[in-house]
Amino acid sequence: MIPKLKGGKGGPTVFLHVICHKEIHATLTEAELARDFNTVEALRAHPRLERFLDWIRKRPPDFRSKVPRKRRGQ
């Protein structure tokens with residue numbers, strides 16, 4: 001899974017809930033995604049995303065929330 005901006009056109013596609021997709025992009029840059037977090041396993045292992053996934057699993061499937069702001073570097 002490589003972001004399109006980093007040359008990932010035509011690669012594998014993973015369908016994500018909109019909240020999860022937004023959290024990934026609020027946490028990681030396109031370069032980080034392409035270089036270090038280009039698998040589902042790598043994303044799940046990221047400390048911030050791991051905490052987010054633990055939190056979101058407790059919500060109903062139709063849960064919607066806004067990602068308040070970019071959180072990179074915190």
Side-chain angles (χ1 to χ4, degrees):
M1 300 181 336
I2 306 290
K4 287 181 183 177
L5 292 174
K6 295 295 180 181
K9 296 178 184 178
T13 300
V14 175
F15 293 100
L16 297 172
H17 190 281
V18 114
I19 295 170
C20 297
H21 187 237
K22 288 182 178 184
E23 185 66 24
I24 288 168
H25 284 286
T27 303
L28 300 164
T29 65
E30 297 284 328
E32 290 170 323
L33 285 168
R35 183 183 60 241
D36 302 321
F37 297 95
N38 52 28
T39 66
V40 173
E41 294 78 20
L43 288 170
R44 286 182 177 162
H46 186 282
R48 173 175 246 108
L49 295 176
E50 186 176 37
R51 285 190 307 274
F52 172 78
L53 290 172
D54 288 342
W55 176 80
I56 200 70
R57 279 187 192 104
K58 299 172 188 168
R59 306 298 180 262
D62 59 345
F63 179 76
R64 298 285 188 263
S65 178
K66 293 182 180 179
V67 174
R69 58 184 168 77
K70 300 248 184 227
R71 297 181 185 145
R72 295 180 197 148
Q74 290 184 348

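No experiment lies behind these values; they were computed from the predicted model shown.
Contacts of Ala42 classified as side chain to side chain contact (heavy atoms under 4.5 Å, CB included), with partners at least two apart in sequence or in another chain: Phe37, Thr39. Residues passing the ring-ring contact (aromatic ring centres under 6.0 Å, His included) test with His17: none are found, sequence neighbours excluded.
The minimum heavy-atom distance linking Glu32 with Thr27 is given by the pair OE1-O, 4.2 Å. The minimum heavy-atom distance linking His25 with Glu30 is given by the pair CE1-OE2, 3.1 Å.
Taking CG from Leu49 and SG from Cys20, the interatomic distance works out to 9.0 Å, rounded to the nearest 0.5 Å. Atom CD1 of Ile24 and atom NE2 of His21 lie 7.0 Å apart (nearest 0.5 Å). Remark: Leu28 CG to Glu23 CD distance equals 9.5 Å, nearest 0.5 Å.
Using a 30° and 60° split on the angle between ring planes, Phe52 and Trp55 fall in the tilted class, from 30° to 60°.
Around the CZ atom of Arg44, the shell of radius 6.0 Å holds no more than 12 heavy atoms that belong to other residues, nucleotides or ligands.
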